[in-house]
Amino acid sequence: MKITSLAHEYWSKIVSPGDRVIDATCGNGMDMLALSKLLDGQGELIGYDIQKEAIQKSEALLKKSLTHDQFQIIAFHHQSHETFLEKSAKLIVYNLGYLPGGDKSLTTQTETTLQSLQSACCVILPGGTISVMCYVGHEEGRREEEAIQEFVQALPSDRWCCSHHRIINRHQAPSLYLIQRLRNIG
Ligand SMILES: C[S@@+](CC[C@H](N)C(=O)[O-])C[C@H]1O[C@@H](n2cnc3c(N)ncnc32)[C@H](O)[C@@H]1O
C-alpha cells in the first residue's frame, strides 16, 4: 500500500461532514480531493500553499471533480503555513516536499515545517489529528524528517498519541506520522 493511500484511509476514519479540515501543503490538490469527498459539502476545507501555481492547479482539479455543493466549502490561502488563520480543526494534513512536476527548489523547509507543526498543535481539536507525509529521497526531506521525529517524540504522552508508519523493506520509502490530540478527560 502506498503511504498516501494509508493516510487517506486513516483520514476517512476521523473526518465527518461538518468538520473543519486544513491541507497545509495543497500542491496539485489530490489530497484536498480525497478530503472534500469525506466532507461532502458540509464543514470547511482550507488549503495553504506558497505557490500560486499550486493553488490554481488544486482549484481547477476540485472544480472539475466535485459537485457545486462539495466545492463551495473550499477556500485557499496563498501563504506559508507557519501560522493558521483558522481555529479548531479536526484534521490538519501535510504532504511535504516539492510540487510534483514543479520547481524542486520550492520544497518545504525544516524550520518552517516545525513552526507550522507547533501552530497546528494549538489549532487541532481534542480528538483531532495532524497527519504528516515525509519524503527522505532528497537532502532537505531527510533533515526535515529527522527534525519531525524529534519534535513528535517529545510531545507529552498524557495529551498526545503519536505513531510513525514506514514501509520497511523499501529503500528511502516515504513515511507517515499521525499526531493525535487526546480527548479532554473530565
Ligand atoms: C508534495 S506537494 C503537496 C502535494 C499535495 N498535497 C497534493 O495532493 O497534490 C508540497 C507542496 O508544499 C508547498 N509548500 C512548500 N513550502 C510551503 C509552506 N511553507 N507553506 C505552504 N506550502 C508550502 C509546495 O509549494 C508544494 O506545492
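Counting starts at 1 for both ligands and their atoms, in listed order. When reading the values below, keep in mind they use all heavy atoms of this one structure, side chains included, and skip hydrogens, waters and symmetry mates. Sequential numbering from 1 along the given sequence is applied to the chain's residues.
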Listed partners of Glu59 passing salt bridge (Lys or Arg N to Asp or Glu O under 4.0 Å), at least two apart: none
Counterpart residues, salt bridge (Lys or Arg N to Asp or Glu O under 4.0 Å), relative to Arg181 (two or more places apart): none
Give me the pairs of N or O atoms, one from ligand 1 and one from the protein, that sit under 3.5 Å apart.
residue  : atom   : partner : partner atom : Å
ligand 1 : 6 (N)  : Thr25   : O            : 2.9
ligand 1 : 6 (N)  : Asp31   : OD2          : 2.7
ligand 1 : 8 (O)  : Met30   : N            : 3.1
ligand 1 : 8 (O)  : Asp31   : N            : 2.8
ligand 1 : 8 (O)  : Asp31   : OD2          : 3.1
ligand 1 : 9 (O)  : Asn28   : N            : 2.9
ligand 1 : 9 (O)  : Gly29   : N            : 3.4
ligand 1 : 19 (N) : Ser80   : OG           : 2.8
ligand 1 : 19 (N) : His81   : NE2          : 3.4
ligand 1 : 20 (N) : His81   : N            : 3.2
ligand 1 : 20 (N) : His81   : ND1          : 3.2
ligand 1 : 25 (O) : Asp49   : OD1          : 2.6
ligand 1 : 25 (O) : Gln51   : NE2          : 2.8
ligand 1 : 27 (O) : Asp49   : OD1          : 3.4
ligand 1 : 27 (O) : Asp49   : OD2          : 2.7

Shortest non-hydrogen contact from Cys26 toward Gly47: CB-CA, 4.2 Å
Name the atoms and distances for all side-chain donor-acceptor pairs under 3.5 Å in residues 145-156, with sequence neighbours left out.
residue : atom : partner : partner atom : Å
Glu145  : OE1  : Arg166  : NH2          : 2.6
Glu145  : OE2  : Arg166  : NH2          : 3.1
Glu145  : OE2  : Ser175  : OG           : 2.4
Gln149  : OE1  : Tyr177  : OH           : 2.5

Residues Arg143 and Glu139 bridged, charged N to O under 4.0 Å: no
Check: Tyr10 ring centroid to His165 ring centroid under 6.0 Å: no
